[in-house]
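In what follows, a structure is listed as structure tokens, so that the remarks can point back to it.
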Protein chains: 2
Amino acid sequence: MTKRPAENPEAAEAPAPPAEPRWLTEGEQRTWLAYRHASTLLEDYLDRQLQRDAGMTHVYYGLLVRLAEAPRRRMRMTELAEHAKITRSRLSHAVARLEGNGWVRREECPSDKRGQLAVLTDEGYEMLRRSAPGHVEAVRTAVFDRLTPEQAELFGEVCRIVAAGLQPAGGDVPWLR
Amino acid sequence: MTKRPAENPEAAEAPAPPAEPRWLTEGEQRTWLAYRHASTLLEDYLDRQLQRDAGMTHVYYGLLVRLAEAPRRRMRMTELAEHAKITRSRLSHAVARLEGNGWVRREECPSDKRGQLAVLTDEGYEMLRRSAPGHVEAVRTAVFDRLTPEQAELFGEVCRIVAAGLQPAGGDVPWLR
DNA sequence: AGAGAGTGCTTGAAGGTTCAAGCACGTCGC
DNA sequence: GCGACGTGCTTGAACCTTCAAGCACTCTCT
């Protein structure tokens with residue numbers, strides 16, 4: 001409910017906002033709803049495509065991509081989690097699964113005995129090479145083919161602003177522990 | 001991997017794309033990554049805020065909002081699922097949980113004995129009224145306070161385009177069964 | 001060197017989502 | 001009216017994510 005309820009919520013508010021909430025304008029509501037729809041549908045579309053063609057969700061796929069682009073195709077767990085914007089816990093579970101698939105292997109970190117390296121296997125790389133064309137096609141179809149270059153550019157700009165504001169470094173609260 | 005891999009993938013492609021994949025340009029890659037970051041962080045941020053202040057995720061919250069805005073605060077299950085862009089199955093589980101919380105109640109549909117109506121209870125409405133200010137504040141903080149009105153407007157436009165393209169009605173494939 | 005605090009990662013349980021069935025009712029055509 | 005197919009919704013199992021601990025190692029300070 002980003003819109004004011006029918007009745008007047010004067011006193012007795014939730015913990016955070018002290019005064020009258022700054023409700024969204026009509027236009028902001030429409031924008032917000034549009035964003036919600038777009039991101040829900042897009043997430044779904046990409047997850048289905050990748051689940052079908054690569055046997056994993058978009059998040060897992062993204063992890064493999066990051067590994068593929070890292071030097072020596074390996075990365076510290078924490079660093080990988082930060083790049084992917086997910087919690088360490090989630091990454092642990094994810095790598096366990098990907099390890100089961102033979103796409104990732106773990107290695108001890110030579111410089112820190114607590115540390116673990118996630119390493120993309122050759123199998124993993126090969127899987128990525130096979131499914132990349134289908135994925136990029138899906139992204140194009142769903143997004144870039146429908147936008148003018150100017151729209152795409154501005155969309156990127158907006159996303160960068162929003163992401164920066166929620167970044168643990170950029171904001172002032174460490175949302176991702 | 002929306003970027004071309006290091007080696008040249010000439011022959012032996014994935015099922016879908018027949019010829020050389022249309023890889024993303026440098027700028028498109030940056031935009032895509034920014035979108036992924038923004039949506040991941042935003043989803044997380046909102047879910048945490050609502051989990052903390054309202055005891056449910058953003059999706060569940062959205063369902064209650066839709067019910068609150070529906071005539072007589074009730075809606076057919078299928079219709080609600082379509083509005084929320086989720087599967088019927090997911091909605092069934094969700095309503096079961098919300099029913100357990102006392103925020104939603106089910107009613108038989110008078111005109112179709114197969115049908116079910118999800119009805120927002122008074123408790124549910126009250127919960128919404130209490131948590132709405134905190135939620136709208138979070139949305140403002142994360143998004144609208146950081147964008148100029150022009151940026152917000154264009155962002156909404158882009159989202160509408162993308163969503164329309166993925167809509168079962170708008171596209172040509174029924175992604176949501 | 002050693003205690004205490006911090007870091008890196010994992011674990012298990014609780015809850016959410018998806019997928020494939022499945023049941024009940026409606027609709028269409030004979 | 002009755003069979004076949006379609007629709008509305010639910011169910012259970014498999015999998016994913018979160019949350020709260022927990023273990024092992026490192027760092028800091030004395």
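Hydrogens, waters and symmetry mates are skipped; everything else that's a heavy atom, side chains included, is used. Each chain gets a letter, A, B and so on, in the order the sequences are listed, and its residues count up from 1.
- The stretch residues 92-104 of chain A participates, sequence neighbours left out, in these salt bridge (charged side-chain N to carboxylate O under 4.0 Å, His left out) pairs: A/Glu99-A/Arg106.
- Of all the residues in residues 100-116 of chain B, B/Arg106, B/Arg114, B/Gly115, B/Gln116 reach under 4.0 Å from DNA chain D with at least one non-hydrogen atom.
- Taking atom CD1 of residue B/Ile86 and atom P of nucleotide C/dC19, one finds them 14 Å apart after rounding to whole Å.
- The closest side-chain heavy-atom distance from A/Asp44 to B/Leu166 is not below 4.5 Å.
- Between A/Arg90 and D/dC19, a side-chain N or O to OP1/OP2 separation shorter than 4.0 Å is absent.
- Remark: B/Asn101 engages no residue in a side-chain hydrogen bond (donor to acceptor under 3.5 Å, both in side chains) (not counting sequence neighbours).
- Among residues two or more places apart in sequence or in another chain, the side-chain hydrogen bond (donor to acceptor under 3.5 Å, both in side chains) test is passed with A/Glu126 by A/Arg129.
- Under the 4.5 Å side-chain criterion, counting only non-hydrogen atoms from C-beta, B/Leu64 is in contact with B/Met56.
- Taking atom OH of residue A/Tyr61 and atom P of nucleotide D/dC16, one finds them 17 Å apart after rounding to whole Å.
- Closest to the B/Tyr60 side chain, of the nucleotides D/dT17, D/dC9, C/dT17, is C/dT17.
- Side-chain proximity of A/Met77 to D/dC9, C/dT10, D/dC19: nearest is C/dT10.
- Between the CG atom of A/Leu50 and the C1' atom of D/dC16 there is a distance of 15 Å, rounded to whole Å.
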* **Working for side chain to side chain contact (heavy atoms under 4.5 Å, CB included), residues A/Val104 and A/Leu67** => CA-CA 9 Å; A/Val104 168; A/Leu67 287 180; 3.9 Å; yes
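- Rounded to an integer number of Å, the gap from A/Asp44 CG to C/dT17 P is 11 Å.
- Between A/Arg88 atom CZ and C/dT7 atom P there is a gap of 9 Å when expressed in whole angstrom units.
- Every residue meeting the side-chain contact (heavy atoms from CB on, under 4.5 Å) condition with B/Ala84, not counting sequence neighbours, appears here in chain and number order: B/Leu63, B/Arg66, B/Ile86.
- Using a 4.0 Å cut-off, some side-chain N or O of A/Arg97 falls inside it from OP1 or OP2 of D/dC16.
- Residues forming a side-chain hydrogen bond (donor to acceptor under 3.5 Å, both in side chains) with A/Arg140 (at least two apart in sequence, or on another chain): B/Glu28.
- Every residue meeting the salt bridge (charged side-chain N to carboxylate O under 4.0 Å, His left out) condition with B/Glu153, not counting sequence neighbours, appears here in chain and number order: B/Arg160.
- Screening residues 114-123 of chain A for salt bridge (charged side-chain N to carboxylate O under 4.0 Å, His left out) gives A/Asp112-A/Arg114 as the qualifying pairs, with residues at least two apart or on separate chains.
- The side chain to side chain donor-acceptor pair (under 3.5 Å) contacts involving residues 33-42 of chain B comprise A/Glu43-B/Arg36, A/His58-B/Arg36, where partners must be two or more places apart or lie in separate chains.
- The base of D/dG12 is paired with the side chain of B/His93 by a donor and an acceptor separated by under 3.5 Å.
- When the C1' atoms of four end pairs are superposed on the next four at each end of the helix from C/dA1-D/dT30 to C/dC30-D/dG1, using five pairs per end, the two resulting axes differ in direction by 20°, to 10°.
- Rounded to whole angstrom, the span from the CD atom of A/Glu43 across to the C1' atom of D/dC16 amounts to 13 Å.
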Check nucleotides 20-22 of chain C for protein N or O atoms closer than 3.5 Å to its own N or O atoms and list the pairs.
none

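- Rounded to whole Å, the distance from CG on B/Leu41 to P on D/dT18 is 12 Å.
- The side-chain hydrogen bond (donor to acceptor under 3.5 Å, both in side chains) test applied to B/Glu107 returns B/Arg74, B/Arg105, not counting sequence neighbours.
- Taking atom CD of A/Glu99 as the reference point, atom C1' of C/dT10 lies 12 Å away to the nearest angstrom.
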